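Take a look at the structure set out below.
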There are 2 protein chains.
Amino acid sequence: MQRDVDVIVVGAGLSGLTAARAVLRAGFEPLVLEASDRVGGRILTEEPLPGVFLELGAQWIGDTHHRMAALAEELGIGLYPQFEEGETSYEFAGEVLRGAAFHRKYDDDLAAVDRVLRELDRMAASVSVAEPWAAPDAEEWDRISVGQWYDAQGLSPLGRELLDICTVGILAVPTVEVSLLGLLVNVVTCGVTADLLSESEGGAQTRRFVGGTALIPQRLAELLGDRVELDSPVLSIEHSADSVTVTCRGGLVARGRQVVVALAPTLAGRIMYDPPLPAKRDQLTQRMPQASAHKMFAVYDEPFWRADGLNAQLISSVGPARMSNDSCMPEETGGPGIILGFLEGESARIEGRWPAAQRQEAFRDELARHFGPRAGRPELIVEGGWADKEWTRGCYNANPGPCGWIHFGDALATPVGPIKWAATETALVWSGYMEGAVDAGERAAREVLADLS
Amino acid sequence: MQRDVDVIVVGAGLSGLTAARAVLRAGFEPLVLEASDRVGGRILTEEPLPGVFLELGAQWIGDTHHRMAALAEELGIGLYPQFEEGETSYEFAGEVLRGAAFHRKYDDDLAAVDRVLRELDRMAASVSVAEPWAAPDAEEWDRISVGQWYDAQGLSPLGRELLDICTVGILAVPTVEVSLLGLLVNVVTCGVTADLLSESEGGAQTRRFVGGTALIPQRLAELLGDRVELDSPVLSIEHSADSVTVTCRGGLVARGRQVVVALAPTLAGRIMYDPPLPAKRDQLTQRMPQASAHKMFAVYDEPFWRADGLNAQLISSVGPARMSNDSCMPEETGGPGIILGFLEGESARIEGRWPAAQRQEAFRDELARHFGPRAGRPELIVEGGWADKEWTRGCYNANPGPCGWIHFGDALATPVGPIKWAATETALVWSGYMEGAVDAGERAAREVLADLS
C-alpha cells in the first residue's frame with residue numbers, strides 16, 4: 001500500500017488533526033497516520049449509560065481558550081459550564097472539613113500558600129515560553145526541583161502539602177520530578193498561577209463539551225474523510241530536504257514533501273528517523289516522560305451533594321483521589337450525579353496499580369468521608385489510567401526533568417528539515433491543554449506551508 | 001529474508017554478544033541483530049596511527065572485574081596496567097596546583113569530602129542492588145537529588161565542587177539529575193565509593209586491553225560467525241508465550257522462541273512491542289535517559305609529563321575537560337604520549353557542542369596550564385561524543401530520574417514472557433561498566449535457557 005500526498009501528519013490527536021485541517025484549507029493534500037483504532041489521542045470519551053459522557057482524558061476548556069471555543073462553535077458542538085457552586089471538602093491532619101471551616105481554621109497556612117503563588121507569578125514574569133533557558137535565573141531554577149523550592153518557602157506542613165497536591169494536579173508527577181523553571185513555564189503558558197489552579201474565571205477548567213470532548217476530534221476527522229488512516233503505527237521516517245517517506249507497521253508507506261509529528265515528545269522519539277535526528281533533539285526526548293494520571297468516576301442517581309451545599313470537590317492528604325470535582329452532564333439535561341476523582345503522580349503509580357476492587361473500595365470510602373454515606377454507594381465506577389495505553393503511555397502531558405530546559409529545550413519545537421513538531425508540549429500558550437494542542441498544530445501547519453510555497 | 005533460530009539477541013554490544021555466546025554454548029542457536037555497521041556498542045576503538053589505540057568508549061577494567069579478566073584471557077587478549085605514578089594536577093580557586101601542594105593547602109576541605117564519601121558508604125550498606133526500592137530510606141533518598149544532598153553536607157565551596165566533578169565523572173550527568181538513591185545503587189554495584197572513584201587497587205580503572213577494547217566484541221563476534229547480522233536495526237518485536245518475531249529495517253525477519261534485548265533502557269523502549277509492554281516498564285524506559293559524555297585525546301611524541309613527576313591526571317573547576325588521565329600504550333611498547341580529557345555531564349552539553357576548533361583550542365590551553373607549554377602543542381587531537389551516535393545516543397550509561405527507582409525500578413530487569421532484558425544497566429554488579437554488561441548478558445542467557453529447557 002502506498003499513498004502519495006503533500007503533507008503527512010503523524011498522530012490523529014487534536015494537534016495533528018488541527019494541523020491536517022490547516023494544510024487542507026491551504027489547498028494541499030494531507031494524510032494523517034494514527035497508530036490506534038480511533039482518533040483523539042489524549043481525548044477519550046466513554047458513554048457507559050446513554051447520554052452519560054465520561055471523559056477519561058481531556059475534559060475542560062477555560063475562559064481564555066479561544067481557539068477551542070471557536071473550534072467547538074465551528075464544529076457545532078455546544079459548551080456548558082462546570083458546576084462549582086458550594087463548598088469544597090478538605091481532608092488534612094486527620095479530619096474532614098468543609099471549605100468555610102477549613103479556611104477559618106487554617107487561615108494563616110492558606111495565606112502563606114497564596115504568598116508562594118504570588119512569588120511564582122513574580123518569577124514567571126521573567127520567563128519567556130519561547131526561550132525559557134534565556135530567563136535571567138534559568139540556570140538556577142532548572143537545577144532546583146519544584147518540591148525542593150517549595151520546601152524552602154517556610155510553609156506549615158499543611159500549607160506545604162496542600163500546595164503539593166494542587167501542583168501535582170497540574171504536573172501529574174511528584175514535584176521532585178520537575179524543575180522550578182519547568183513549573184514556571186507551565187505558569188507562563190497559562191497566564192498566572194490563578195489561571196492554572198482555578199476552576200473560576202480565567203482558569204483552565206470552566207466549560208465542557210455537550211456530548212463529550214471526543215466530538216471535537218471526531219468531527220475534525222470527518223472533515224478530513226479518508227485522509228485519516230487508523231491502525232497505522234509509524235515505524236520510520238526517511239527524509240531529505242524536500243521529501244519524506246513514512247512507513248507504518250502493516251505495510252502502509254506514505255510519501256510526501258513535509259511531515260508533522262504530532263506526538264508527545266517521548267513517543268516522537270521512538271520513531272526511527274533516517275537520517276537520524278540531531279543529538280540534542282534525541283537527548284531531549286529521552287528526558288521528557290509522560291506523566292502519571294488516572295481518573296475515577298463515581299456515578300449516582302442524582303447529584304445529591306448540591307442540595308447539601310457541596311460542589312463535589314475534595315482536596316485530600318489521604319487519597320486515593322487527592323482531588324475531585326462535579327462531572328455531571330449539563331444542568332438542563334439532568335441525568336445522574338457524577339463525581340470525578342483524580343489520581344495523579346504518586347497516587348496514579350501506587351493506588352492506580354492496586355487491584356481494581358481494592359482501589360474502588362478505597363475510593364468509595366473516601367467519597368463517603370467527604371460527601372456522606374450516600375457517596376459511598378455509587379451505582380457505577382468507571383476508571384482508567386493512561387500509562388498502559390500503548391499509543392499514549394501517560395497523561396496529562398510531559399515536562400523535561402532537571403536541566404532539561406537549559407540544556408535541551410531549544411530542540412523541542414525546532415524543525416528538522418521537512419519534519420515539524422506539533423503536540424501540546426510544543427505550544428507557546430496553554431501547553432499541556434487542548435488549547436495548546438491546537439496552537440501547536442496550527443503553528444506546525446504554518447511552518448509546513450511556508451516550506452511548501 | 002527470514003532467519004529461524006532459538007534465541008534472538010537485539011544488540012551486539014558486550015552484553016548481547018555475551019548472552020549469545022552463552023546460548024550457543026548451551027546447544028541452542030542464537031542470532032544477534034545489530035543496528036549499526038559494527039559490533040561493540042559502547043566499546044569503540046580508533047587507531048589514528050598504527051598501533052595507537054584510542055578508546056572513544058569503554059576503556060578500563062578494575063581489579064575486581066573478574067568476568068572481564070577471564071573473558072580477555074579466554075579470547076587471548078592481553079591486559080596492561082593503567083599508568084598512574086606521579087602527582088595529579090588541580091585547578092581550583094583560580095590557580096593550578098600539583099597534588100602535594102593542593103593537599104597541603106586544602107587538607108581540611110579534602111578531609112570533609114572523605115567524610116561525605118564514608119557517609120555514602122554507610123548509607124549504601126542498607127541498599128540492595130536487586131531491590132533498591134526496599135531500602136529503609138528509599139522513599140526519602142529517591143526524592144533527593146545527589147546535588148541537593150551534597151549541598152546539605154556542610155562542605156566548603158572547593159570541597160563541594162571537587163566532589164561534584166568526581167561524581168559527574170561517574171554519572172556523566174549533572175548531580176541534580178540523579179537521586180541520592182540512584183547514586184547509592186551505583187556505589188553498591190561497585191562495592192564502596194573508593195572502588196568507584198579510584199584508579200588504584202579495587203578501583204574501576206586499573207587495567208586496559210592490549211590492542212584495544214574493541215578486540216573483545218570483535219573476537220566474540222568471530223566465535224558467533226554468521227550468527228551476527230549487522231545493519232539490522234530492530235523495528236518491532238511480536239511475542240507470545242513461547243515465540244518471538246523480530247522485524248528489522250531493511251526487511252530481515254527473525255523468528256525464535258526467546259529474545260534478549262541487550263540495549264540501553266531508553267533504546268529498548270523505542271522498539272514497537274506487540275503485545276505492548278506493561279505500563280510500568282514503559283514508564284521506566286521513558287525515565288532512564290542516556291548520560292552525556294565526550295572524550296578528547298591529545299597525542300604527543302612521548303609521555304613527557306612522566307619525567308616531570310606528573311600522572312597526566314587533572315581535576316579542574318574550569319574545563320573544558322574536568323578530569324584527564326594518561327592513556328598511553330603499554331610501557332614496554334613505547335609509543336606516543338596520550339592524554340585523555342573527559343567532558344562529562346554539563347561539559348559534554350556545553351563545550352561538547354562548541355565548534356571543534358574552539359573546543360580543541362580550549363583543551364590545548366587547559367593542558368598547557370596543567371602539564372606545561374609542551375602539553376599545549378599536541379600533534380593530534382582525536383575526540384568524540386555519544387549523543388549523536390544513532391544507535392547509542394549517550395554514554396556512559398543511564399540512571400533513572402527522581403522517584404525512578406521507587407516507582408518503576410522493579411520493571412528494569414523483570415522478563416516479559418519470552419523477552420529478557422540485558423545491557424549493563426540491568427546488572428547487579430558493576431552496573432554501568434563492561435563487567436556489568438557481561439553479568440547482565442549471562443543472567444539474561446540463564447533466564448532464556450531456563451525457559452527453553
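Order of the sequence lines fixes the chain letters, A, B, ..., with proteins taken first and strands second; residue numbering starts at 1 for each chain. Remember, predicted model here, so these are calculated numbers, not experimental data.
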Just by distance, do the side chain of Q148(B) and the backbone of S145(A) share a donor-acceptor pair under 3.5 Å? no
For P275(B), is it the side chain, the backbone, both or neither that has a heavy atom under 4.5 Å from a heavy atom of chain A? neither
Shorter than 4.5 Å, heavy atoms on both sides: which option in R349(B), R393(B), Q283(B) has the most such pairs with chain A? R393(B)
Counting heavy-atom pairs closer than 4.5 Å to chain A, which one of D142(B), I144(B), L277(B) comes out on top? L277(B)
Between K389(B), R249(B), M272(B), which residue shows the highest count of heavy-atom pairs closer than 4.5 Å to chain A? M272(B)
Heavy atoms only: give me the nearest Q290(B)-R287(A) pair and the separation to one decimal. O-NH2, 2.7 Å
Residues R143(A), D151(B): salt bridge by 4.0 Å N-O rule: no
Using heavy-atom distances under 4.5 Å, tell me whether E177(B) contacts chain A through its side chain, its backbone, both, or neither. both
Pick one of side chain, backbone, both or neither for P174(A), based on which atoms fall under 4.5 Å of a heavy atom in chain B. side chain
Which region of L267(B), side chain (C-beta onward) or backbone (N, CA, C, O), has a non-hydrogen atom less than 4.5 Å from a non-hydrogen atom of chain A, or is it both or neither? neither
So which of G269(A), G404(A), G401(A) has the largest heavy-atom pair count under 4.5 angstrom toward chain B? G269(A)
Counting heavy-atom pairs under 4.5 Å to chain B, which of P233(A), A398(A), S179(A) comes out on top? P233(A)
Contact winner vs chain B - T285(A), D388(A), L235(A), heavy-atom pairs under 4.5 Å: L235(A)
Go through the atoms of V234(A) and report whether side chain, backbone, both or neither lie under 4.5 Å from a heavy atom of chain B. backbone
Smallest separation among heavy atoms of E390(B) and Y273(A), with atom names: OE2-O, 3.4 Å
Contact origin within A291(B) toward chain A - heavy atom pairs under 4.5 Å: backbone
Residue part contacting chain B, namely of I350(A), when any heavy atom lies under 4.5 Å: side chain
Which heavy-atom pair separates C403(B) from V176(A) by the least distance, and what is that distance? SG-CG2, 3.7 Å
